[in-house]
Amino acid sequence: MAALHFRSILCAVDFSVHSRHALQYAASFAKRFRGRVTVLFVNDPLLLAAARQAYGDERQFVEQSRVELARFARHAVRGSAQMTSVVAVGSPASQILATAKRLRSDLIVIGTQGLSGVQRLVFGSTTEQVLRRTTIPVMAVPPQATRRSHSRRPLTVDAIIVPIDLAGEWASDAVRGAANAQMFNVPIRLVHVLRPVQTPIWIRRIGVPTERQRIAKATRALEHLTRQLSAGVRASCSVVLGDPAHEIAQLTQRGSPLLVMSLRGTGGIWGRRGAIAYHVLTHSATPVLGLPRRQLGGPLATRLRRAVNETLIARDRIEMAGIDALFSAGAGETRLKR
């Protein structure tokens, strides 16, 4: 069974400590998949304008950027022969995406926090734009992952964690997560987070499901889905009660999991303060692999899609897609019956 591989990796850096650790993650991926890393630094046009005024010619400044970038890469990742450096000028997000397209990169690695000022890679600007516009996977390395890596190896993936939204595109997310679990040869854990629903006593009398009933129903749905991924994939599932953003971030605190989330591409949701994805990326203790909606292919994806689609009958699909939305709205069990 063919697996996905990240052989051509583009890592955007800004000479910050955080981007240095992002580069170390990229190098670890390249070593695992026998690939290569292209290190990209994007000069802001304002810096070139200042250099032109100071030196009369920006070429010296650009050449110095190349020298410093190569030195930065050597110090960050020692002994890596499969690494090249590229310096570009312009909008960081646009240059990252254009370079990835030109090099036919399989993965973009980027930090979610960097320097202040014109060279920064700040989540909500450059990183958010890359996540929103990308057509290939993006691994975002949050600040928590950088601080954690001081005391251990930068990358040792021991599990894949996939948040599942039972009211959304749950089948696609499960398939994508399973593909990555196969790729890293690690177990996958599907997790659904239920928001607590505060219901007055008089409302409970009309048959609104209790939290225990909601958890049991969601657990059965996830277990059904997990069984469809069991062929060649070590899968488990769990249902957690709490705030989705907080609970998903908490899942990364133990071990060395890789959190896999789909990029929905909906108008900047990845960069909006208060959004679930924003909180996860700024509080996760490990990198987050964002997969664009259409990024999946090959025999594994075909087999898993077929297994899910053929096994889940219409009633199961309707229940799983609407269960959380119905419960959150206060619908009773009778609405899920035929």
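Annotation: side chain of Phe15 is in contact with side chain of Leu69 (closest heavy-atom distance under 4.5 Å). Within the 4.5 Å cutoff, side-chain heavy atoms of Arg189 are placed close to those of Ser238. Proximity of Asp158 to Pro257: side-chain heavy atoms (C-beta onward) are separated by under 4.5 Å at one or more points. When side chains are defined from C-beta on, Met139 counts as touching Phe29, because their heavy atoms get closer than 4.5 Å. When side chains are defined from C-beta on, Arg66 does not count as touching Ser85, because their heavy atoms never get closer than 4.5 Å. You'll find the side chain of Gln213 stays beyond 4.5 Å of the side chain of Lys217, heavy atoms only. Looking at Leu291 and Asn180, their side chains come closer than 4.5 Å, going by heavy atoms from C-beta outward.
Of the charged side-chain nitrogens involved, none lies within less than 4.0 Å of a carboxylate oxygen, so that Glu223 and Arg220 do not count as a salt-bridged pair. With respect to Arg214 and Glu211, no salt bridge is recorded, no charged nitrogen being found less than 4.0 Å from a carboxylate O.
The environment of CZ in Arg133 is crowded: more than 12 heavy-atom neighbours from other residues, nucleotides or ligands sit within 6.0 Å.
A pairwise comparison of heavy atoms in Pro287 and Leu258 identifies O-CD1, 3.5 Å as the closest pair. Closest approach of Gly242 to Val193, counting heavy atoms only: O-CG1, 3.5 Å. Residues Phe41 and Val13 come closest through the heavy atom pair CD1-O, 3.4 Å. Shortest non-hydrogen contact noted between Leu10 and Ser105 is CB-OG, 3.7 Å. Residues Asn43 and Ser65 share a closest heavy-atom pair of ND2-OG, 3.2 Å. Ala100 and Ile136 make their closest contact through CB-CD1, 4.1 Å (heavy atoms, listed as atom of the first residue, atom of the second, distance).
Side-chain N or O atoms of Thr134 include none that pairs as donor or acceptor with a backbone N or O of Leu97 at under 3.5 Å. Arg20 places no side-chain N or O within 3.5 Å of a backbone atom of Val77 that could act as its donor or acceptor partner. Under a 3.5 Å cut-off, the side chain of Asp106 and the backbone N or O of Arg7 do form a donor-acceptor pair. Judged purely by atom type and a 3.5 angstrom limit, Ser262 has no side-chain atom pairing as donor or acceptor with the backbone of Asp173.
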Quick one: do Val109 and Val37 satisfy side chain to side chain contact (heavy atoms under 4.5 Å, CB included)? Show the steps, please.
CA-CA 10 Å; Val109 179; Val37 177; over 6 Å; no
Side chain to side chain contact (heavy atoms under 4.5 Å, CB included) between Glu247 and Val191, worked out
CA-CA 10 Å; Glu247 296 299 335; Val191 180; over 6 Å; no
Test Arg36 against Thr84 for side-chain hydrogen bond (donor to acceptor under 3.5 Å, both in side chains), laying out the working first.
CA-CA 8 Å; Arg36 65 183 186 279; Thr84 56; over 6 Å; no
Show, in sequence, the C-alpha distance, side-chain angles and deciding distance for Phe72 and Leu23, and conclude whether the side chain to side chain contact (heavy atoms under 4.5 Å, CB included) test is met.
CA-CA 10 Å; Phe72 177 83; Leu23 179 55; 4.3 Å; yes
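Expressed to the nearest 0.5 Å, how far CD1 of Ile110 lies from OH of Tyr25 amounts to 15.5 Å. Put simply, CD1 on Ile108 and OG1 on Thr38 are 11.5 Å apart, with the number rounded to the nearest 0.5 Å. Residue Ile96 holds its CD1 atom at 9.5 Å from CD of Gln129, rounded to the nearest 0.5 Å. If you take OG on Ser284 and CD1 on Ile248, they are separated by 10.5 Å, rounding to the nearest 0.5 Å. Within the model, atoms NE2 of His283 and CD of Gln253 stand 10.0 Å from one another, a figure rounded to the nearest 0.5 Å. Here the OG1 atom belonging to Thr252 is positioned 7.0 Å from the CG atom belonging to Leu259, to the nearest 0.5 angstrom.
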